[in-house]
Each structure stands twice: as structure tokens, then as C-alpha cells.
Amino acid sequence: MNVRVRIAPSPTGLVHVGNVRAALFNWMFARHHDGVFILRIDDTDRERSEQQYEDEIKEGFRWLGLDWDEGVDVGGEYGPYRQSDRMDRYREVVEQLVESGHAYYDDRSTEELESLRQKAQKEKLHPNFFIRRPARAATAGVVRFSVPQDASVEFEDAIRGEVRFGSEVIDDFVIYRSNGTPTYHLASTTDDLDHAITHVIRGEDLLSSTPKHILLSRAIGGAEPRYAHLPLIMGPDGKPLSKRHGPTSLKEFRDRGFLPEAFRNYLSLLGWSIDGDRTVFTTEEAVAAFDLSDVSKNPAVFDTAKLEWMNGEYIRALPESEFIERVRPHVVSGLGRELDSDEWAQFSEMAPVVQERTKFFSDAGQQVGFLFTDEVIYDEPSWAKVMEKEGVSDVLRVSSEKLAVLDRFDHDSVEAALRSMLEELEIGARKGLQPLRVAVTGSQVSPPLFESISVLGKDRTLNRLAYCVERIG
RNA sequence: GGCCCCGUCGUCCAGUGGUCUAGGACGCCGGCCUUUCAAGCCGGAAACGCCAGUUCGAACCUGGUCGGGGCUGCCA
């Protein structure tokens, strides 16, 4: 069988990572089976759909490397792939369903419907138990699907196994609005059928809607897809992610300097695992191993700390030159200005030690900020803890003397000079070097000292030491 | 309320009746290394929600219970 799967986001807001994970799993499934991955845009809700959101969705998927074989922008033989371009088709399907008796017009008022719901509540029945085809036929209003009351709907979910719904709990749901637009259920089901989707892999929030989609599929006709419902992804507070809660935008992660390959790796671990003990693996390995039956049934919490660790792993694994290239735009935007070629040379010199301690690119700029400013910002807690101690001015003074006479100012000579300072003052490295670190970088946390000083250069280093001597008084 | 799904360390996963005194990863704690912070290495605390049942034997099977989540819209 030729696998055809789709991701069908609705451009009514930012894509949260739950949808992104669903996209990733669909994509991995398609690639594993040499199938087709389709990007469809579910914009039946015209009121709330916006082009800007659609653009962001596509940008995000491209960034993550989730390339689609068919769909918006790339086309395909089953197009169009945007629901707003398929309105005629939905209308046609609705007319067929009404004609064949599978659906009916309903012009009952909201009040009427509400009282039916209340009646059901009172009798402890499904709220929509009484919302069925009324005796009085209508020719306008919404169109409802007529749910056959003699059978239950059961299906084999690829992740959850057998799931069964009694038909009495499936209401006669609306498939066509009175304003002439299809609802999600109709549009999505029609599309899946028309696009010959073989596997519908989506969030668990749609599990309860699945019997409706199955019934609709049967009424419309065509090959029913298999269903697989992914567990939801929760925020740090254990509440499900939504368009206004938790990590919502892929753009945010990209801007902070997460690597798409790391993000993919982390996301693949949310509800799936490649085996018992590996957590870092390539996308190719994931694709080769991916199987829906290995997807977990329980919800997963999105853990930023683990993502950051994962990203650090990938950053450290980068060749130095690639690290420099990829971190570059983040350094620029972090600093708020371009660097000249001398400054880039300095940055490159520091790169290896920066790369080691970078969790995401945007925090790299901060590490080297002291190199590219004449006004060092002294971190107050650092100053208080390190500089307001006995003997600090001696350390700074002697260091200045030793550094001032150096001809070469490379790592080794700086180290030798400062070691001799330590000896002269009979002070340990731990105590004796911290004041220099604060004086030169502004903080008690920084890249390694000898590198920092040698890259900063003699003049600027001596200036900073002198400034601190003065400030201490 | 009704229906559906889910329930292993704080978090993400492994585990599919005996090899589990439950394994890995992140995080956390301690140590080593050490010029800080990272990284690395070593060690540690930390979980089968609960109750029955099936069985010689249950994290794994069944029932119940409790807890979490979803759906219950002319949103998707």
C-alpha cells in the first residue's frame, strides 16, 4: 500500500508544539514507508483564518525540515489543498448526502436545541441524545448528519487498539453551516477521502470525533483511512498545550537558536522512543525505526530543560567552523550591531570555548559580550562577592605589571604572567584569578580567563584592570 | 452529568507473567577534574496511584476504585 498521510493545521493562530509533533510523526511515518506527506490548510473557519498564520506554519515546517510532497505551494494531483478553494466540492457532497437521506436540513432555533439538551441532561443521557431528525422537514438552516441509531461504531486505532462508541452517544452533528460553509467534520473527512489519505495521525483531542468521521466516510463513499491518535502534549504545569498556553511558536525556538535537528530529536521523544536506552540519534535513524505501534498512549510534558540539554549536545557536536557560521546571526542580533572583521577574528578565537558552553545560540552572544564593548557592565552580585575583599587591589596591580611587560599576548604567555603573579602573592588560583575575571569580563561567570584576556588584548585588559583598581580605591 | 482515552522516578521513555532487589535520559544532590561557569567522569536520592481477583508467580492479565485528560458548539 502506498502510504499517504497529511497534517492539516488551521491558520487561526500560532501552531503549538503539539501540532508540530503531530506533523513530525506524520512525516516520519511517511518517510519510513516511502509514502507521501501532505500539507493541507484547514481554513474553513474563514472568520479567524489569517494568511500570516499560514505563512508562519509553512516557515516553521520548512525550518524543521518537514518537507511536504503534496499540498499548498507545491501542488499535487489531488489538489487543491486549501479548504477555502474547495467550497464547491463540499457543497456537492452535502447535496448528495441530503439526497441520499444521510443528512437533513434543520432550522430549529438554539433555544429549541438547548431545551433538548437540558432534557437529556436531566435523564442522565448523552447531552445530544434528543437532537435527531425532527418530524417537521426543513429546507433551510444548518445541515445535520443523520446518525443511524441501530449500530455502534468501532475501529482499531493504530495506537490505542479497539475503540468503541455506541451510536446513541453520537449526535446528529452539523456538517454545513447556515452561512453556506462546511464544518470541520465535513471538510476534513471529505478531504481525507478525496486525497486518498491512508492514515489519519492526529491528536487525541479528536478521538471522540472519529466515529463521526467514520460514519461520514461511509456515507460519502471511498476508502476509509486508518486512524491513530497521538497523546497530547502538556505544558510544565501539566495542562494541555493550546494556542495560548505553553510553547506556541516554532519561531520562538528558532529565534533563540535551537537547531532544527536537535528540536526534531527532542520532539520525537515525546510519546515515542527509538529503543530502551538511546536518546540522541539522527533523523534518519528515527525514520528507519519509526512505527505507530511504538507510540505511547499517555500524555507527555514538554520539558524545556531537556530540550536545552539536547540542543547543547548538538551544538557541541558541530564542527567549529559550522558553529561560528550558525551562531553568527545570533551574536549580531544579541549585540544589536554588526561586527567588523577584526572582531570576527576575535570571536573565532574564542569560539571553541564558547561552543562548549552554549545551550542555544542566543546565549552565546552574551558570553562574548565583554569583548565587544568599551563599557563593561559589572554584574553587581559578582562585584560584591569577588571585588570587595582583602587583597584584590594587589592582585589587580601585580597582574597589570606582569601583563604590561609581555611582548606576546597569547594564551600561554598570559597564563605564565598570571601564574607568576599568584606565586608572588602566594595566593591560590581559585582566589587569585576571580578578581581578574570580574575585572575583565564584568562577571564571575565567563569563558576561561586566559583565552578571554589574550583575545581582549593588552591595552583593553590593562585599561579594565586600572579602572577597577581605581573603583576599589 | 454522559461518552471516550490515559495512569512506571519531579520530567521523558524502557519494561509486555518469572531474568525487576524495575533499566536509560533530563533535572536534582554529592564527589573528582579545575581559573569561574560549562563539558567530562564517578556516586546518590527518586516510581510501578489504590483495592480486589486470576496465577505457583504480576509493573505486565481482569474487575473496581481514585486521579488526570479529551469530547459533549453553526471551533478545529
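Quantities reported herein were computed from a predicted structural model and do not represent experimental measurements. First the proteins, then the strands, lettered A, B, ... as listed; each starts at 1.
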Problem set entry | Arg357(A) backbone acceptor or donor facing Gln367(A) side chain under 3.5 Å | yes
For this session: Ignoring backbone atoms, establish whether Arg419(A) has a side-chain N or O less than 4.0 Å from OP1 or OP2 of U35(B).
Result: yes
Problem set entry | Under 4.0 angstrom between Asn128(A) side-chain N/O and C71(B) OP1 or OP2 | no
Exercise. What's the CZ-P distance between Phe145(A) and C74(B), to the nearest Å?
Worked result: 16 Å
For this session: Choose from U36(B), G27(B), A76(B) the nucleotide whose nearest atom is closest to any side-chain atom of Trp309(A).
Result: G27(B)
Problem set entry | Atom P, compared across A22(B) and U62(B): separation rounded to whole Å | 25 Å
Problem set entry | Residue Glu313(A), side-chain heavy atoms: nucleotide from A76(B), C74(B), G40(B) that is nearest | G40(B)
Exercise. Any side-chain N or O of Arg144(A) under 4.0 Å from OP1/OP2 of C74(B)?
Worked result: yes
For this session: Among Tyr176(A), Phe145(A), Phe173(A), find the residue that satisfies the ring-ring contact (aromatic ring centres under 6.0 Å, His included) test when tested with His185(A).
Result: Phe173(A)
Problem set entry | Nucleotide G73(B), atom P - distance to CG of Leu113(A) in whole Å | 10 Å
Exercise. What integer number of Å spans the P atoms of U11(B) and C28(B)?
Worked result: 16 Å
Exercise. Rounding to the closest angstrom, what is the interatomic distance between G27(B) and G64(B) at atom P?
Worked result: 42 Å
Exercise. Just checking His185(A): base, sugar-phosphate only, or nothing, at a heavy-atom cut-off of under 4.0 Å?
Worked result: base
Problem set entry | Ion pair check, Glu401(A) and Arg397(A), cut-off under 4.0 Å | no
Exercise. Reckon Thr44(A) touches a base, only the sugar-phosphate, or nothing at all at heavy-atom distances under 4.0 Å?
Worked result: sugar-phosphate
Exercise. When all nucleic acid strands are considered with a 4.0 Å heavy-atom cut-off, which category describes Gly271(A): base, sugar-phosphate, or nothing?
Worked result: sugar-phosphate
For this session: Just call it for Pro447(A): base, sugar-phosphate, or nothing, with non-hydrogen atoms closer than 4.0 Å on any strand.
Result: base
Problem set entry | Span that lies between the C1' atom of C6(B) and that of A25(B), in whole angstrom | 23 Å
For this session: Give the ring-plane orientation class for Phe165(A) versus Phe155(A), where under 30° counts as parallel, over 60° as perpendicular and anything between as tilted.
Result: parallel
Seminar exercise, completed: U54(B) -> Watson-Crick or G-U wobble partner, both distances under 3.5 Å, gives none
Exercise. Picking from C26(B), U35(B), U36(B), which would you name as closest to the side chain of His411(A)?
Worked result: U35(B)
For this session: Please work out if Arg316(A) contacts a base, only the sugar-phosphate, or nothing of the nucleic acid, heavy-atom cut-off 4.0 Å.
Result: sugar-phosphate
Problem set entry | Length of the CD-C1' vector between Gln118(A) and U72(B), whole Å | 14 Å
Exercise. Would you say a side-chain N or O of Arg430(A) is under 4.0 Å from OP1 or OP2 of U34(B)?
Worked result: no
For this session: Would you indicate which nucleotide in C74(B), G1(B), U36(B) comes nearest to any side-chain atom of Arg117(A)?
Result: C74(B)
Exercise. Partner of G30(B) by Watson-Crick or G-U wobble geometry, both contacts under 3.5 Å, or none?
Worked result: C42(B)
For this session: Would you classify Leu307(A) as touching base, sugar-phosphate or nothing, given that sugar-phosphate means primed atoms plus P, OP1 and OP2, and contacts are heavy atoms under 4.0 Å?
Result: nothing
Exercise. Taking atom types as modelled and ignoring hydrogens, do the side chains of Gln444(A) and Asp379(A) form a donor-acceptor contact shorter than 3.5 angstrom?
Worked result: no
For this session: Please check if any side-chain donor atom of Arg437(A) sits under 3.5 Å from a side-chain acceptor atom of Gln434(A), or the reverse.
Result: yes
Problem set entry | Complement of U36(B), any strand, by Watson-Crick or G-U distances under 3.5 angstrom | none
Exercise. Looking for any heavy atom pair under 4.0 Å, which part of the strands does Arg202(A) touch: base, sugar-phosphate only, or nothing?
Worked result: nothing
For this session: Taking atom P in both C9(B) and C33(B), compute the distance separating them and give it to the nearest angstrom.
Result: 36 Å
For this session: Identify which nucleotide among G70(B), A25(B), U36(B) has an atom closest to any side-chain atom of Asp205(A), counting heavy atoms from C-beta outward.
Result: G70(B)
Exercise. How long is the line joining CG of Leu318(A) and C1' of A39(B), in whole Å?
Worked result: 16 Å
Seminar exercise, completed: Among the nucleotides U8(B), U35(B), A38(B), whichever has the atom closest to the side chain of Glu356(A) is A38(B)
Problem set entry | Length of the line joining Glu112(A):CD and C74(B):P, which is rounded to integer Å | 14 Å
For this session: Determine the Euclidean distance between corresponding C1' atoms of G44(B) and G67(B); express it in Å to zero decimal places.
Result: 31 Å
Exercise. Does the pair Glu308(A)/Arg256(A) count as a salt bridge with the N-to-O cut at 4.0 Å?
Worked result: yes
Problem set entry | Between P of A38(B) and CG of Asn311(A), the distance in whole Å | 18 Å
Seminar exercise, completed: From the list Val455(A), Leu449(A), Leu456(A), side chain to side chain contact (heavy atoms under 4.5 Å, CB included) partner of Ile453(A) resolves to Leu449(A)
For this session: Answer with base, sugar-phosphate or nothing: what part of the nucleic acid does Val142(A) contact at a heavy-atom distance below 4.0 Å?
Result: base
Problem set entry | Phosphate OP1/OP2 of A14(B) contacted by Ser273(A) side-chain N/O (<4.0 Å) | yes
Under 3.5 Å, which protein N or O atoms sit close to an N or O of nucleotides 2-5 of chain B? Give each pair with its distance.
residue : atom : partner   : partner atom : Å
C5(B)   : O2'  : Arg160(A) : NH1          : 2.5
C5(B)   : O2'  : Glu204(A) : OE2          : 3.4

Problem set entry | Ion pair Asp192(A)/Arg6(A), N-O distance below 4.0 Å | yes
Problem set entry | Of the listed nucleotides C74(B), G69(B), C6(B), the one nearest the side chain of Met234(A) | G69(B)
Problem set entry | From U35(B), G10(B), A14(B), nucleotide with atom closest to Asp303(A) side chain | G10(B)
Problem set entry | Shortest non-hydrogen contact between Thr373(A) and Arg460(A), atoms and distance | O-NH1, 3.8 Å
Exercise. C1' atom, U54(B) versus A14(B): distance in rounded Å?
Worked result: 26 Å
Exercise. When the distance from CG of Leu267(A) to P of U11(B) is rounded to whole Å, what number comes out?
Worked result: 19 Å
For this session: Give the rounded distance in Å between these two atoms: CD1 of Ile175(A) and P of A76(B).
Result: 13 Å
Exercise. Contact class for Phe129(A) vs. all strands (heavy atom < 4.0 Å): base, sugar-phosphate, or nothing?
Worked result: nothing
Problem set entry | salt bridge (Lys or Arg N to Asp or Glu O under 4.0 Å) partner of Asp172(A), the single match among Arg133(A), Lys212(A), Arg108(A), Arg132(A) | Arg132(A)
For this session: Under 4.0 Å between any heavy atoms, over every strand shown, what does Gln366(A) touch: base, sugar-phosphate, or nothing? Just pick one.
Result: nothing
For this session: Could you work out the separation of C56(B) and C51(B) based on their P atoms and round it to a whole Å?
Result: 22 Å
Problem set entry | Shortest non-hydrogen contact from Met421(A) toward Leu436(A) | CE-CD1, 3.9 Å
Seminar exercise, completed: From the candidates G69(B), U36(B), C74(B), the one with an atom nearest any side-chain atom of Leu232(A) is G69(B)
For this session: May I ask you to say what Leu449(A) touches in the nucleic acid, namely base, sugar-phosphate or nothing, with a heavy-atom cut-off under 4.0 Å?
Result: base
Exercise. Out of A76(B), U36(B), U11(B), which nucleotide sits closest to the side chain of Thr183(A)?
Worked result: A76(B)
